[in-house]
Trainee: 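Once you've had a glance at the structure underneath, I'll fire off some questions.
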Amino acid sequence: MIRAVTFEKTTYNELPYKFEAGTPDIAGAIGLGAALEYLASLGIDHIMAHERELLAYGTELLESIRGLRLIGTAREKAGVLSFVLEGIHPHDAGTVLDRLGIAVRTGHHCAQPVMERSECLRRRERHWRSTTRNRNWRRWRTASDASRSCLTDERPCGSLSGIDHRP
Amino acid sequence: MNDLADLYQELIIDHSNRPRNFRPLDAGAPSAEGYNPLCGDRVTVYVRMDGDMVADVGFQGEGCAISKASASLMTESIKGKTRAEVEALFSQFHDLVTGVGNPPREQLGKLAAFSVCVTFPRESSAVPSRGTRFARH
């Protein structure tokens, strides 16, 4: 916050007040309200059922890809699928998927100890570093969207690893 | 998809799947380790000099296809060259992959394959980024 503002100069308040916020995030609060209204109009139960259905469908499709290992298979998990592909560095797979119009996140996800626990790094002697790609199923509105993305996965990946990843 | 084929061309896939000189040298050979915490690339390069000439060179480490292929082709390119020749080659290669000037392709040989990295900003791991730390051993 400031102590005084004129056209000639600005004088900031002393610490710590100079770092306190000025205008509150009014637009953010209004936006959050609109988002909650939208979700309530859909119905949380419907959203959950839809997401579960997509997740189950996506899980089944991904499990059919050879050399793909899912990370995190808890029964009550959110609509996110993390996976490693044998023989392919995540950044290469991420680049290919990006060019296919599929959004994934590659890297440590700011959670290196968790990666270590799920043995993503232990495999690196054989397969370089294997971190995971998150696939957020909530971005796919329909099962056919999810299906299309899985079917396009294996094409370029096969040539990258020399492994046949086709289902 | 065409730009993908340019990036993952046969030469690069070949060197990333079957990297050449992918081994440490004898104990005592000078080595240096490079680590980029941003992308996780980790490479150790070993070198044995014979006077002013690179007698042998090897590397180990992990990284994406571009990273690994560039290390592999680097070892092939510098073996038998003098220190000055290697430094000149490094300078030309760096110019190539950062899009500076127009380095002579014929002198770069196979390394010219990495020119496509300029158009893939996220794939510039062939170039030690500012985040890359090299430590000599």
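The structure presented is a predicted model; accordingly, all values stated were derived computationally and were not measured. Excluded from the calculations below are hydrogen atoms, water molecules and symmetry mates; all remaining heavy atoms, backbone and side chain alike, are included. Here is the naming used below: chain letters follow the sequence lines, and residue numbers restart at 1 for every chain.
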Trainee: Are more than 12 heavy atoms, taken from residues, nucleotides or ligands other than A:M48, located less than 6.0 Å from that residue's CE atom?
Mentor: no

Trainee: Just by distance, do the side chain of A:D92 and the backbone of B:C64 share a donor-acceptor pair under 3.5 Å?
Mentor: no

Trainee: With a 6.0 Å cut-off (strictly less than), is the heavy-atom count around CZ of A:R3, excluding the residue itself, greater than 12?
Mentor: yes

Trainee: Heavy-atom count check: over 12 atoms from other residues, nucleotides or ligands less than 6.0 Å from B:K110 NZ?
Mentor: no

Trainee: Do other residues, nucleotides or ligands put more than 12 heavy atoms under 6.0 Å from A:E60 CD?
Mentor: no

Trainee: First locate atom NE2 of A:H89, then atom CD of B:E62, and finally report the distance between them rounded to the nearest 0.5 Å.
Mentor: 7.0 Å

Trainee: When rounded to the nearest 0.5 angstrom, what is the spacing between CD1 in B:I66 and OG1 in A:T95?
Mentor: 8.0 Å

